[in-house]
Amino acid sequence: MSTGFADFVDLCVKELELCALREGETVAVLSQANDRLEYADAFLAAARRLGATPFHIRLPQASTTLLGDAGAWTVGATPLASNQPALDALKQADLVIDLIFLLFSKEQMEIQEAGARMLLCVEPVDNLARLFPTEDQRRRVETSEELITKAKTLRFTNKAGSDVVYQLNQYGVMSEYGFTDIPGRWDHWPAGFLFTSGDDDGVDGKVVLDRGDIFITPFKTYIQEPVEIIIERGQIQDIRGGFDAELLRDYIAGFDDPKAYGISHIGWGCNEKARWSGLANDRRSIGMESRAFYGSVLFSTGPNQELGGTNDTACHIDLGMRGCSFFLDDEAILIDGEFVIDDLKVPRPQFAAAQLAGA
Ligand SMILES: [Fe+2]
């Protein structure tokens with residue numbers, strides 16, 4: 001899709017309508033250095049068109065690269081931490097558009113606690129268009145959220161030999177369906193998945209990443225040979241395998257942080273517009289398509305403050321897995337990567353149309 005500036009403004013208007021932006025509300029757009037200034041312009045124009053009062057806060061310095069092309073992808077430390085006036089202004093807004101990536105930072109938590117709804121938007125514009133959220137995705141993500149909220153245990157397996165159990169007594173569920181109309185709630189455009197975390201000492205078993213599974217962060221690569229991750233009491237005890245296992249081991253060791261070995265969020269993808277192969281021909285993104293593709297399992301290690309945990313390591317690894325079977329209290333949600341709960345299924349013709357539209 002070609003997306004000129006006018007088209008992008010139209011897209012932002014649709015997005016702000018999904019966020020229930022009303023006349024007279026205040027929209028704060030946050031950017032840094034020279035990053036995504038055209039996004040800021042598009043959101044400002046869209047918000048004005050809807051009768052809101054927008055303003056733009058541009059921080060003078062940029063945090064570490066998000067795109068993974070160079071340097072470590074650290075999370076939680078942003079230039080907003082040293083700019084109290086900017087933070088105070090953001091807390092006054094009804095809706096904050098985050099163009100820098102505040103996720104995992106305590107500043108984001110402060111803004112949410114102040115009651116602002118928050119939307120992160122950093123992906124390439126054509127991804128924003130192609131993976132544009134829908135009310136039906138929201139319904140399926142929220143149905144999924146209800147299922148996980150009721151569960152006491154979670155288990156997933158795959159044909160490569162994964163078999164891991166999470167105890168679910170400690171944390172809630174976080175949903176991401178690509179927009180938000182609820183005060184104090186955060187979301188990310190585009191998305192279409194959800195997750196919870198196991199108890200801090202309540203994850204045990206083995207995760208075997210298979211050929212074709214995705215190192216979403218930090219490497220943005222497809223795994224070529226199995227990687228076996230041994231987990232005891234919520235901690236990685238060993239990582240075995242060939243080249244991909246060596247990379248993972250060395251990357252984590254580089255943080256010199258015991259908390260980097262913690263297990264983080266776990267959930268599944270619901271976005272029928274997202275493609276497993278998306279990352280193979282477009283590496284500009286931060287991998288939302290790979291986190292959200294329909295029927296995937298998103299397995300993660302590292303920080304868990306998103307769900308109220310205390311692990312604040314900067315070493316965050318997201319892995320997108322195909323073909324898994326996923327159970328909540330022994331009730332199957334996915335079998336070999338296919339949803340088996342009717343309310344979570346996209347009808348076949350609709351699924352095919354969405355995949356073709358996204359091609
Ligand atoms: Fe993650």
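For ligands, and for the atoms within them, numbers begin at 1 and follow the listed sequence. Since the structure is predicted, the reported quantities are computational estimates derived from the model, not experimental observations.
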Report yes or no: do Asp98 and His188 form a side-chain donor-acceptor pair below 3.5 Å?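 No, no side-chain donor-acceptor contact under 3.5 Å.
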
I need the minimum non-hydrogen distance between Leu95 and Met118, along with the two atoms involved.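 Taking every non-hydrogen atom into account, CD1-N, 4.5 Å.
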
Only distances under 3.5 Å count here; give the side-chain donor-acceptor pairs of residues 77-84 to other protein atoms, sequence neighbours excluded, each with its distance to 0.1 Å.
residue, atom, partner, partner atom, Å
Thr78, OG1, Leu80, N, 3.1
Ser82, OG, Pro79, O, 3.2
Asn83, OD1, Ala86, N, 3.2
Gln84, NE2, Asp88, OD1, 2.9

Heavy atoms only: give me the nearest Met288-Glu123 pair and the separation to one decimal.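 Nearest heavy atoms, Met288 then Glu123: N-OE2, 3.0 Å.
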
Below 6.0 angstrom between ring centroids: does that apply to Trp276 and Tyr294?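 Trp276 vs Tyr294: aromatic centres not under 6.0 Å.
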
Give every protein N, O or S atom lying under 2.8 Å from the Fe ion (ligand 1), naming each by residue and atom.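 Short answer, with waters excluded from the count: His265 NE2, His316 NE2, Asp318 OD1, Asp318 OD2.
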
Keeping the roles fixed (side chain from Glu113, backbone from Gln108), state whether a donor-acceptor pair exists under 3.5 Å.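 Not at all, since once roles are kept as given, no pair shorter than 3.5 Å links the two residues.
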
